[in-house]
S.K.: 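Provided herewith is a single structure, encoded as structure tokens, for subsequent inquiry.
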Amino acid sequence: MKRTVITPRTLRGFADVMPSAGRRRRQLLEVLEEVYTSFGFEPIQTPAVEYAEILKGKGGTESDKQMFEFEDKGGRRVALRFDLTVPLARFVAQHESELTFPFRAYNIGYVWRGDRPQRGRYREFLQSDADIIGVSGITADAEILTIIATALGRMDIGPFTIRLNNRKILNGVLTRLELQDRVPPVLRALDKVDKIGPAAVADELAGAGVTAAAAQDLLALIGSVQASNEATLSHVGASVKGSAEGETGVAEVREVIELVSAALGAPAPIRFDPSIVRGLDYYTGMVFEAVHDEAPGAGSISGGGRYDDLASVYTTSRLPGVGVSIGVSRILSVLDGLGRLSDLPRDRTLVVLTQDLGSDRPELMRLAAAIRGAGPFDVELYPAAVKHATQMKYGDARGARFLLTLDADGTMSVKDMESGERASAAPAGVPALLSKLAGGA
RNA sequence: GUGGGCGUAGCUCAGCUGGUUAGAGCGCCAGGUUGUGGUCCUGGAUGUCGGGGGUUCGAAUCCCCUCGCUCACCCCA
């Protein structure tokens, strides 16, 4: 009789994390927490599920369409969070009286979006946000950018570039061209210039009711990325002449880059790119996204910007903010695509203790604990008294550095899997022996 | 949501214009080597050819439907 089984599978867009990716993920998260903390950010957390009315209508119609929304058993309309920024706005508005401002917090968690999965794009993915709430100066903007540059640098994932822009630049120009009532379609059209080219963008702008002359102005503005930020800034500075808001935007970009470079003690890995727009409707000033230089087609590994009005739907207090979102799942996917997911060396030495039917198991347990306490060792006791060769192969497959076998006469034999050499010692001397062997190599 | 590509062993894939028992490499298992891994040698197991229907003497191969995956658009991490 054949037993029928349920085919093991995951939902479209929902992925398992395998051990190789899991180790990398852990390392990325360690770097993030360390960097956030070193900038004074506090860890917070918000729920995965919120009232739908809290989440909907904040990030634009596209976000609403992609939101997982359902009814709970009590008949409430609820939704899975689409990002971590909108829940943060709710959090800050709700706990305003208990927080110290300017409030700096980070939040690491999964978010859910119902769009079609592709490489590096999932329906459930891990994101890590850091935000400063309560001030509108560009010092905060610069600090956020410094955090990204620092974190991405320490993650050791390869070269990256932060593409930076400021919404005030385009807003200013659009106002001068009397297009302020058509901002979203115009921004959408301009955002496509890399993909479809200036001519097609001009067509789309014409379709949005933009005159040919205005379209040329806009294309000149966004097509002005130069070899250096300074060159781009002066180029764009010329096109925004006459618009106070646009001039402010250019000045902010210039100053922010200067501040980040000062913080890093080196030129910031930032490229001023006036074509960066970003879809989320709530951004009001600085906007940016980071791409991995070796996988620019994989999409952004980080993004964010300034949003000065986000919390206004939950409170009458003015709570401007600026934040970054780092795509942990996306970074893992990029590393996987580059074949560098599992090249992370073990940060501690793995030791495997073997056993057989006659082993003194209390002695083995004591010894495992002693080795763990003796230094940077991860120690596992093979959990069954199977054939010794099997346990050796297991240790090898696991990448263990040392295989330990308790001999019948009570001495411990130590095999160094790297050199192939064997040594022995009394159990009490094993921790010291391992430290010596591991250190000497 | 719109449009393209692809579903053959655990994995990566080969199977020409339809033709007998469907293959390779890797992996896995066993032995060589009964308490000392990797290398090597020998042997072995495994497929509803994604599913359903149709054409045909005959379908992994052609047609239709369906499911799944994937890429592009859209949007973004």
Side-chain angles (χ1 to χ4, degrees), chain A residues 2 4 7-13 15 18 28 59-67 82-85 108-129 148 152 184 187-189 191-192 195-196 200 276-281 283 287-292 295 297-305 323-334 352-359 382 385-409 412-424:
Chain A
K2 190 165 184 181
T4 60
T7 305
R9 58 191 182 139
T10 53
L11 281 169
R12 182 176 176 72
M18 298 300 284
L28 298 183
T61 53
E62 194 62 33
S63 322
D64 287 1
K65 272 194 291 182
Q66 295 185 359
M67 204 173 292
F82 176 89
D83 65 12
L84 297 177
T85 307
I108 296 171
Y110 280 92
V111 301
W112 293 266
R113 296 182 188 179
D115 63 355
R116 283 258 182 114
Q118 279 175 43
R119 188 210 316 275
R121 160 183 285 186
Y122 310 99
R123 287 184 169 170
E124 172 181 78
F125 58 95
L126 189 58
Q127 195 166 282
S128 143
D129 277 31
I148 309 163
L152 292 180
L187 292 186
R188 254 199 307 282
D191 199 29
K192 293 181 191 167
K195 282 173 183 161
I196 62 178
I276 294 296
V277 172
R278 297 183 58 75
L280 290 172
D281 292 350
Y283 291 119
V287 289
F288 60 84
E289 53 191 53
V291 294
H292 194 289
S300 52
I301 55 178
S302 173
V324 56
S325 179
I326 295 182
V328 178
S329 301
R330 172 68 56 82
I331 292 173
L332 290 170
S333 161
V334 166
V352 172
L353 276 80
T354 65
Q355 65 163 313
D356 69 19
L357 287 173
S359 293
Y382 193 92
V386 299
K387 201 158 49 168
H388 193 258
T390 302
Q391 300 187 58
M392 290 295 295
K393 283 182 191 162
Y394 169 82
D396 185 46
R398 294 275 294 125
R401 169 75 189 278
F402 299 112
L403 255 287
L404 271 51
T405 305
L406 192 57
D407 296 325
D409 65 0
M412 185 60 83
S413 92
V414 173
K415 173 129 183 180
D416 184 335
M417 303 294 273
E418 224 166 67
S419 65
E421 282 166 20
R422 289 165 69 175
S424 57

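In the text below, chain A, chain B and the rest are named by the order of the sequence lines, each starting its count at 1. These numbers come from a predicted model, not from an experiment.
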S.K.: Would you mind telling me which of B:A77, B:G35, B:G37 lies closest to the side-chain atoms of A:K387?
M.R.: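 For the A:K387 side chain, the nearest candidate turns out to be B:G35.
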S.K.: For the side chain of A:R116 and the base of B:U70, is some donor closer than 3.5 Å to an acceptor across the two?
M.R.: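 No, no donor-acceptor pair under 3.5 Å.
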S.K.: Expressed as a whole number of angstroms, how long is the span from A:M392:CE to B:U39:P?
M.R.: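 Distance, rounded to whole Å: 13 Å.
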S.K.: State whether the distance check finds a donor on one side and an acceptor on the other, under 3.5 Å, for side chain A:T354 versus base B:U36.
M.R.: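 When only heavy-atom distances are counted, A:T354 does not reach the base of B:U36 through any donor-acceptor pair under 3.5 Å.
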S.K.: Establish, from distance only, whether the side-chain atoms of A:T405 and A:T354 form a donor-acceptor pair under 3.5 Å.
M.R.: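 Side-chain D/A pair, A:T405 to A:T354: present.
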S.K.: Go through B:C76, B:C75, B:G37 for me and flag the one nearest to the A:R330 side chain.
M.R.: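 The listed nucleotide nearest to A:R330's side chain is B:C76.
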S.K.: Would you write out the dot-bracket form of RNA chain B, 5' to 3', with Watson-Crick and G-U pairs under 3.5 Å, [ ] for crossing pairs, | for pairs to other strands and . for unpaired bases?
M.R.: (((((((..((((.....[...)))).(((((.......))))).....(((((..]....))))))))))))....
S.K.: Please report the distance, rounded to the nearest Å, between CZ in A:R12 and C1' in B:G68.
M.R.: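 Nearest whole value for this atom pair: 8 Å.
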S.K.: Any donor-acceptor pair under 3.5 Å between the side chain of A:D407 and the base of B:G35?
M.R.: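 Answer is yes: a donor-acceptor pair is held.
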S.K.: I'd like to know if A:D396 reaches the base of B:G37 with its side chain, counting only an N/O donor and acceptor under 3.5 Å.
M.R.: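 Donor-acceptor pair under 3.5 Å: yes.
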S.K.: If you only use heavy atoms from C-beta on, which nucleotide in B:C74, B:G35, B:G38 is closest to the side chain of A:K393?
M.R.: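 Output: B:G38.
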S.K.: State whether A:Q118 places a side-chain N or O below 4.0 Å from either non-bridging phosphate oxygen (OP1 or OP2) of B:A72.
M.R.: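 Yes.
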S.K.: Give a yes/no on whether any side-chain N or O of A:R119 is located under 4.0 angstrom from OP1 or OP2 of B:U70.
M.R.: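 Negative; the distance criterion is not met.
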S.K.: Mind calculating the distance between OH (A:Y283) and P (B:C75) to the nearest angstrom?
M.R.: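 Between P of B:C75 and OH of A:Y283: 15 Å.
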